[in-house]
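Worksheet for the structure shown next.
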Protein chains: 2
Amino acid sequence: MNDSGNDNDEDAGRPAPDGPPAPSRRKDARRNKAALLDAAAAAFVVSGVDAPVRDIAARAGVGVGTIYRHFPTRADLIVAVYRHQVDACAEAGPALLADSASPHTALGRWIDQFVDFLATKHGLAAALHSDDTGFDTLHAYFIDRLVPVCAQLLEAAAAAGEIRPDIDAYELMRGVGNLCIGADTDARYDPRRLVGLLIAGLRRT
Amino acid sequence: MNDSGNDNDEDAGRPAPDGPPAPSRRKDARRNKAALLDAAAAAFVVSGVDAPVRDIAARAGVGVGTIYRHFPTRADLIVAVYRHQVDACAEAGPALLADSASPHTALGRWIDQFVDFLATKHGLAAALHSDDTGFDTLHAYFIDRLVPVCAQLLEAAAAAGEIRPDIDAYELMRGVGNLCIGADTDARYDPRRLVGLLIAGLRRT
DNA sequence: TGCGAAAACGGAACCGTGTTCCGTATCGTT
DNA sequence: AACGATACGGAACACGGTTCCGTTTTCGCA
């Protein structure tokens with residue numbers, strides 16, 4: 001359940017001009033960062049990604065200042081907590097394309113996987129689409145990792161003549177993400193069905 | 001543009017056990033309520049439906065206590081501001097059904113109208129799907145007014161054999177609402193296209 | 001017109017959260 | 001051991017929602 005385990009000591013940040021950005025010289029800093037990741041993961045499960053800063057700090061046994069030092073914005077913390085899962089999702093794209101009967105099937109499965117991920121994280125989908133500038137990093141990370149994969153799947157399906165060729169990957173991802181909002185607080189609403197409809201609507205006319 | 005004008009003095013509340021709930025005996029109360037509605041409408045346009053309570057009070061030239069007296073929750077205020085437009089949308093359903101070439105066309109047009117309404121109200125779509133219990137009234141009002149109309153349109157289209165018969169009106173409305181979130185803060189995202197896809201996905205296979 | 005009770009008003013005060021700042025503690029090195 | 005750099009903690013501040021109560025306004029009635 002908790003896969004936020006800290007296998008890496010420090011940012012393996014995407015932008016990377018060249019080489020990783022120096023893994024903190026002090027042991028306590030590394031320890032606290034790891035403790036914060038665990039605490040945040042736990043807090044997110046019960047209180048959603050909007051869990052109060054003080055709660056997370058308390059769980060980790062550190063002061064609030066320490067959170068802000070390691071993760072200047074909430075988005076940084078969220079990204080750090082879910083990075084592995086987002087990366088796994090991104091990497092699943094090409095694999096599905098290779099294993100599935102058709103590109104459209106692969107696309108459907110990939111989207112399902114993404115929906116399953118989002119729908120189980122209280123408030124993540126909402127945060128992902130908040131216009132609060134503090135969430136820009138979160139925005140950027142998801143887009144950076146997932147949109148290209150989605151584009152690849154769309155392209156393959158379009159090339160196979162299965163779907164309309166004029167679908168924008170960014171817009172689709174954004175729409176799917178939006179559909180996942182509130183999935184965990186309304187028993188009458190299951191985003192999977194609607195996302196299925198959306199994917200069905202992609203088919204060539 | 002501003003259609004929040006106060007043509008009615010007081011709640012013509014839906015539930016209505018019997019008779020309207022007494023239109024406030026005092027002139028100042030009615031005047032303040034109207035001023036609050038105008039102020040809120042104006043504030044919503046520039047700051048979204050999350051406009052600070054104090055801002056709205058200041059615009060209306062009243063104290064914050066007066067807001068809470070007339071509109072105990074933010075949802076009550078939002079409902080009051082947009083009631084006319086929601087009602088208009090609800091009433092447009094049957095009319096479209098009568099005027100359109102086919103039920104599916106009517107459904108598409110009706111949904112478009114709803115999207116146009118939602119997409120231009122900063123933050124309304126987001127508030128509509130917030131799990132904050134303070135927004136229950138808002139939830140309830142939209143569902144109460146619009147879901148039955150949507151159900152009627154879906155039924156007609158299903159009866160005409162144009163769409164699958166197993167679509168739930170509530171779920172569809174909720175999905176459309178979700179797709180509208182963030183429409184006004186991201187130039188790359190146009191909910192109309194995705195909603196169109198969704199409606200297309202409804203078609204019988 | 002004058003009066004008193006009821007209704008409504010206003011805004012200070014309170015609370016919960018995010019964010020900043022700086023004196024103190026810890027680490028790693030010499 | 002001593003020192004400088006690094007990191008820590010939490011008090012203090014900012015901000016927005018909400019409550020509460022002393023004051024003002026309205027309205028029916030004499």
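Since the model is a prediction, treat every value here as computed from it, not as a measurement. Order of the sequence lines fixes the chain letters, A, B, ..., with proteins taken first and strands second; residue numbering starts at 1 for each chain.
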Quick check with a 6.0 Å cut-off and a 45 degree axis cone: is A:Arg83 positioned over the face of A:Tyr141's six-membered ring? yes
For A:Phe44, is there any backbone N or O sitting under 3.5 Å from a side-chain donor or acceptor partner on A:Ser47? no
Not counting sequence neighbours, list each pair that qualifies as a side-chain hydrogen bond (donor to acceptor under 3.5 Å, both in side chains) and has a residue in residues 53-67 of chain B. none
What integer distance in Å separates A:Arg25:CZ from D:dA7:P? 9 Å
To the nearest angstrom, the CG-C1' distance between B:Asp76 and D:dT18 comes to 15 Å
With sequence neighbours excluded, what pairs up with A:Gln152 under the side-chain hydrogen bond (donor to acceptor under 3.5 Å, both in side chains) test? none
For the pair B:Phe114 and B:Phe117, name the ring-plane relationship: parallel under 30°, tilted 30 to 60°, perpendicular over 60°. tilted
Rounded to the nearest Å, what distance is computed from the CD1 atom of residue B:Ile67 to the C1' atom of nucleotide D:dT19? 14 Å
Quick one: B:Leu77 CG to D:dG17 P, roughly how many Å, whole number? 12 Å
Minimum-distance nucleotide to B:Tyr68 side chain [options: D:dG16, D:dT19, C:dG10]: D:dT19
Close side-chain approach of A:Leu197 to B:Ile167, heavy-atom, < 4.5 Å: yes
Go nucleotide by nucleotide along DNA chain D from the 5' end; which of B:Gly65 and A:Ala29 gets its closest nucleotide reached first? A:Ala29
Counting C-beta onward and ignoring hydrogens, is there a side-chain heavy-atom pair between A:Leu146 and A:Tyr170 closer than 4.5 Å? no
Once hydrogens and angles are ignored, does a donor-acceptor distance under 3.5 Å link the base of D:dT25 to the side chain of B:Arg26? yes
Any B:Asn32 side-chain nitrogen or oxygen under 4.0 Å from OP1 or OP2 of C:dC9: yes
Counting only side-chain nitrogens and oxygens, does A:His70 get under 4.0 Å of the OP1 or OP2 atom of D:dC8? yes
Is there a residue in residues 53-62 of chain B whose heavy atoms reach under 4.0 Å of DNA chain C, and which residues are they? B:Arg54, B:Gly61, B:Val62
When A:Arg69 and B:Asp28 are each assigned the nearest nucleotide of DNA chain C, the 5'-most assignment goes to B:Asp28
Please figure out whether B:Arg31 or B:Thr73 has its closest DNA chain D nucleotide nearer the 5' end. B:Thr73
